[in-house]
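These notes concern the structure reproduced below.
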Protein chains: 2
Amino acid sequence: MAEGPNSAGGGENLLFLTDEQIRKGIEAMFFAYRGFTADPDRILASHGYGRAHHRALHFINRTHGTTVNNLLSVLGVTKQSLNRVLRTLIEDGLVESRVGRTDRRERNLYLTTEGASLERALSEAQRDRMRAAYRAAGPQAVAGFRQVLEAMMDDEIRAHYKTIKERRT
Amino acid sequence: MAEGPNSAGGGENLLFLTDEQIRKGIEAMFFAYRGFTADPDRILASHGYGRAHHRALHFINRTHGTTVNNLLSVLGVTKQSLNRVLRTLIEDGLVESRVGRTDRRERNLYLTTEGASLERALSEAQRDRMRAAYRAAGPQAVAGFRQVLEAMMDDEIRAHYKTIKERRT
DNA sequence: TTGGAATGTCAACAAGGCTGACATAAAATG
DNA sequence: CATTTTATGTCAGCCTTGTTGACATTCCAA
């Protein structure tokens, strides 16, 4: 038969999975991620913040009152690293940290009015680009985009993502 | 009509572009990129290298004999930053830097046997995950994935990407 | 031949990861 | 009630990888 390296199994058509195709996908991912972060990065820089601050603001905004531990597992960083970022956000009055009601060891995190305002500016910039890309590619492409991205996540992380996915706000 | 915030024009159906959809896409991008880099990161760490080394190896491998300037514009970093990475790779015998024949200010970069070997290990790990994701999502999803990613790049970067795309090896 | 562009190097600094050690308070458990 | 575990914060030190600025070298073109 001599079908080449991608003829292995399952009865499905896997000929589209050439190394060349996949290599292009890798580079597309690399270049697209740069575009994806470019706009918020500019805003952040003008405020003296970095991407780490953006991520914290984003996830605090998405799940109001989340705990530090929760945030750690979503962001996948150490508490020391997150703490440095949180401390500056709290000092600058963008984030409020309240002692937990049921468990007073916990800290529940909320955006202040000012924090919500910066978060909105950042996510609007990012959404604008994403919206333009979606629009250019069309609904069917977007569905495929999401499918591939979801399949690319680590299992544990996919659980986080799905939690977010099912939430109704 | 009261169609909501996404009813603006063009005659196309843009109702799928809800802020909620787009927010999910943003988070998918964030989580997927982590998965995308996780496997090579582990290999790199065991060699005492970081992502910057991976990127350099990748693009030197793709365009043998590329110059430093060329690499700079693809990677989007300063020459000082790239130089530090290149220096360690050269010192460790993974990359060879030859003085340009026509212009002796230029340095043409090549992977050594050892460098090519590490590059292969890194890209194989990354391709394995990408292949699994592609396989799980199917050919149509992959096409959509690539369309959206391409639309998300900066214009200048898209030019780089397309150059790569059209190359026949 | 001289000035400017391209290239590379050195030094210093910052962001944001990491580990390790330690403190505190509160909850859970014996 | 005593002890252990959990959640959080903090200090110190290290690494990678980005940044600027200053400066040397090389080449090309006016």
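Keep in mind the model is a prediction, meaning the values are calculated, not measured. When reading the values below, keep in mind they use all heavy atoms of this one structure, side chains included, and skip hydrogens, waters and symmetry mates. Quick note on labels: first sequence line is chain A, next is B, and so on, each numbered from 1.
In this structure, B:G48 reaches the sugar-phosphate backbone alone: every heavy-atom distance under 4.0 Å involves primed, P, OP1 or OP2 atoms, never a base. In this structure, A:T88 reaches neither bases nor backbone, as no heavy-atom distance under 4.0 Å exists between it and the strands shown.
Remark: C1' of D:dT16 and CG of B:L44 are 12 Å apart, rounded to the nearest angstrom. Rounded to whole Å, atom P of C:dA27 lies 7 Å from atom CZ of A:R104. The separation between A:R51 atom CZ and C:dG17 atom P is 10 Å, rounded to whole Å. Regarding B:D41, its CG atom lies at a distance of 13 Å from the C1' atom of C:dC18, rounded to whole Å. Per the geometry, NE2 belonging to B:H54 stands 12 Å off P belonging to D:dT17, to the nearest Å. For the pair B:L89 CG and D:dT17 C1', the computed distance is 13 Å after rounding to whole Å. Rounded to an integer number of Å, the gap from B:R34 CZ to C:dG17 P is 10 Å.
Under the 4.0 Å criterion applied to side-chain N and carboxylate O atoms, A:E106 and A:R101 are not assigned as salt-bridge partners.
Distances shorter than 4.0 Å separate none of the side-chain N or O atoms of A:T78 from OP1 or OP2 on C:dG17. Considering only side-chain N and O atoms, B:H53 lies under 4.0 angstrom from the phosphate OP1 or OP2 of D:dT17.
The 12-atom threshold is not exceeded at CD of B:Q140, counting heavy atoms of other residues, nucleotides or ligands nearer than 6.0 Å.
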Protein proximity profile, nucleotides 1-12 of chain D - base contact B, sugar-phosphate-only contact S, no contact -, cut-off 4.0 Å on heavy atoms: -----BSBBBB-
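A donor-acceptor contact under 3.5 angstrom links the side-chain atoms of A:R84 to the base of C:dG17.
Side chain to side chain, A:R51 and A:T37 meet the donor-acceptor criterion of an N or O pair below 3.5 Å. Between the side chains of B:E27 and A:H58, at least one donor N or O lies within less than 3.5 Å of an accepting N or O. Side chains of A:R120 and A:N61: a donor-acceptor N/O pair is absent below 3.5 angstrom, by distance only.
Following chains of ILVMFWY side-chain contacts shorter than 4.5 Å, one cannot reach B:Y110 starting from B:I90, and the two form parts of different hydrophobic clusters.
Heavy-atom nearest nucleotides on DNA chain C were determined for A:T102 and for A:V85, and the one closer to the 5' end corresponds to A:V85.
Contact of the B:T112 side chain with the B:V95 side chain is not registered, since no non-hydrogen atoms from C-beta on lie closer than 4.5 Å.
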